[in-house]
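So the structure is just underneath, and the comments pick up after that.
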Number of protein chains: 2
Amino acid sequence: MSSRDSIPRPTVRRLSLYLREAESLLQAGHRTVSSSGLATSLAVTDAQVRRDLGHLGQKGRAGIGYRLAPLITRLRRALAVDRSRNVLIVGAGRIGRALMAYPRFDQRGFRIVAVVDADTSLVGRAIDGHVVQSVDQIETIVVDGDIEIGIVAVPEADARAVAQRLAACGISGLLNFAPCRLNVDVPVIDVDLSSSLEELAWAMAEPG
Amino acid sequence: MSSRDSIPRPTVRRLSLYLREAESLLQAGHRTVSSSGLATSLAVTDAQVRRDLGHLGQKGRAGIGYRLAPLITRLRRALAVDRSRNVLIVGAGRIGRALMAYPRFDQRGFRIVAVVDADTSLVGRAIDGHVVQSVDQIETIVVDGDIEIGIVAVPEADARAVAQRLAACGISGLLNFAPCRLNVDVPVIDVDLSSSLEELAWAMAEPG
DNA sequence: TAGTGTGAAGTCTTTCACAGCA
DNA sequence: TGCTGTGAAAGACTTCACACTA
């Protein structure tokens, strides 16, 4: 299981959790962590953790576990969060505003460098230190601002059009909060709050 | 494949998408939909759709497809969203406020009936028609208000304590926005925005 | 003909279980 | 002894492919 294989998506999602936990342990003064240590914090099995970390090329040490510092480095590299990226938020409504102020984005190297909205009464106003620009300027902002990631936080009706425009001017990826598929040819991660609640409703109704 | 089997979780997530699409098609005046129709809208295979709908006990008709009205009914039942549920939002910060105003929750039968916060300067204030109550009252609110779902939208440091309290007074499920595991014995769905961005960063870096 | 339902096959992911190392 | 790394087995999920049907 070398680091050259493509990492399965379920593993990727867990790597993100391992990274968070590893950073927190390092902060707390630990130097190493064992697979079972990570496993119990995160409600997975120890074998799963070892298998997952095997994808990184990270070697643990028998009897000791994994050294946190190199583990964190490798996790960051595997998740491609070992450098900063510029982010544009499209939509300065409530979701957009919540994201602007989300401190973890910055900590993780996701730099919100621009915010746009279609509402002309918002344009020019500063919200959380970000001056809202017009949605008409998307193309200029993306190109000149070296934006790699777009966050789509507009109403469903506008989402696809916005996504098309972002894709057309060369954005590399989208985080989508609108409850619909964006049919564009760049990677998209959907954050669908209604779906999450429905999944919860289902889980609540499930026996066990 | 009868409706008595437990539905796999990946299927559950897709059922939510099928429901959204089916409702939208019905709205648009359609009466039926084929597996390939759903499949192309949602970027899955037609065989996958048929397999998934097989879990519902829903029968399609060869040459025609699935009738939308009964399909929607069955999807709602399978997802356990065929009735309303009362929801409490804990945390009237930016994420909490974004959720209060999210119209889809109400449309889907998730009724936000109370909002609490630890910040006494917010208590008593009305935000989006919801008067913020004190977090001290959680227990009373959950029990008297017949709350089934709690939305945890508080800082990480407070999240576990809040979750414990909610679980202790008999809540049935939690939607968690804090970037940590809530170790409670009720179903939890995590919405982790940083993780989503990390997954996106990975997908952007992936070849293909 | 257009489309379902589903065994069987295939693929992907997780878990087991244990040799081996510090 | 405590813990890793990993073949092999098991399990979960998806796709194929085709008989069948309105």
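On a predicted model such as this, the values are computed, not experimentally measured, just so you know.
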Note to self: Taking CZ in R165(B) as the centre, count heavy atoms belonging to other residues, nucleotides or ligands within less than 6.0 Å. Is the count above 12?
What the structure shows: yes
Residue pair T45(A)/I64(B) against DNA chain C: nearer the 5' end by closest nucleotide is I64(B)
note: R9(B), atom CZ; dG11(D), atom C1'; distance rounded to Å ~ 17 Å
Closest to the side chain of A47(A), out of dT4(D), dT14(C), dA17(C), is dA17(C)
From CG of L53(B) across to C1' of dT14(D) the rounded distance in Å is 15 Å
Please confirm whether the shortest side-chain N or O distance from S35(A) to OP1 or OP2 of dT4(D) is below 4.0 Å. yes
From CG of L56(B) across to P of dT6(C) the rounded distance in Å is 13 Å
With a sphere of 6.0 Å drawn around CZ of R104(B), does it hold more than 12 non-hydrogen atoms of other residues, nucleotides or ligands?
yes
When rounded to whole Å, the CG to P distance for the pair L38(B) and dA2(C) reads 19 Å
I'd like to know whether CD of Q107(B) has more than 12 heavy-atom contacts from other residues, nucleotides or ligands below 6.0 angstrom.
yes
Salt bridge (Lys or Arg N to Asp or Glu O under 4.0 Å) test vs D52(B) passes for just one of R74(B), R13(B), R14(B), namely R14(B)
Between dG2(D) and R61(A), is there an OP1 or OP2 to side-chain N/O distance shorter than 4.0 Å? no
- request: Just call it for G65(A): base, sugar-phosphate, or nothing, with non-hydrogen atoms closer than 4.0 Å on any strand.
  value: sugar-phosphate
Between CD1 of I7(B) and P of dT14(D) the distance, given in whole Å, is 13 Å
Of the candidates dT6(C), dT13(C), dG2(D), the side chain of P10(A) sits closest to dT13(C)
Checking dC21(C), dC18(C), dT4(C) against the side chain of S34(B) (C-beta onward), the nearest is dT4(C)
Regarding the side chain of T11(B), the nearest nucleotide among dT14(D), dG5(C), dA22(D) is dT14(D)
Residue pair R50(B)/D52(A) against DNA chain C: nearer the 5' end by closest nucleotide is R50(B)
Is a salt bridge present between E23(B) and R76(B), judged by a nitrogen-to-oxygen distance below 4.0 Å? yes
In whole angstroms, the gap separating P of dT4(D) from OH of Y18(A) amounts to 12 Å
note: D46(B), atom CG; dC16(D), atom C1'; distance rounded to Å ~ 11 Å
Against the side chain of P8(A), the closest entry in dT4(D), dT13(C), dG5(C) is dT13(C)
Does Y66(B) place a side-chain N or O at less than 4.0 Å from the phosphate oxygens OP1/OP2 of dA2(C)?
no
Between NZ of K59(B) and C1' of dA22(D) the distance, given in whole Å, is 15 Å
Would you tell me if any nitrogen or oxygen in the side chain of Q48(B) comes within less than 4.0 Å of OP1 or OP2 on dC13(D)? no
Requested in this report: Taking atom types as modelled, find out whether S16(A) and E199(B) have a side-chain donor-acceptor pair closer than 3.5 angstrom.
Outcome: no
- Message: Let's test your reading of the model: under 3.5 Å, does the base of dT13(C) pair with the side chain of R51(A) as donor and acceptor?
- Response: no
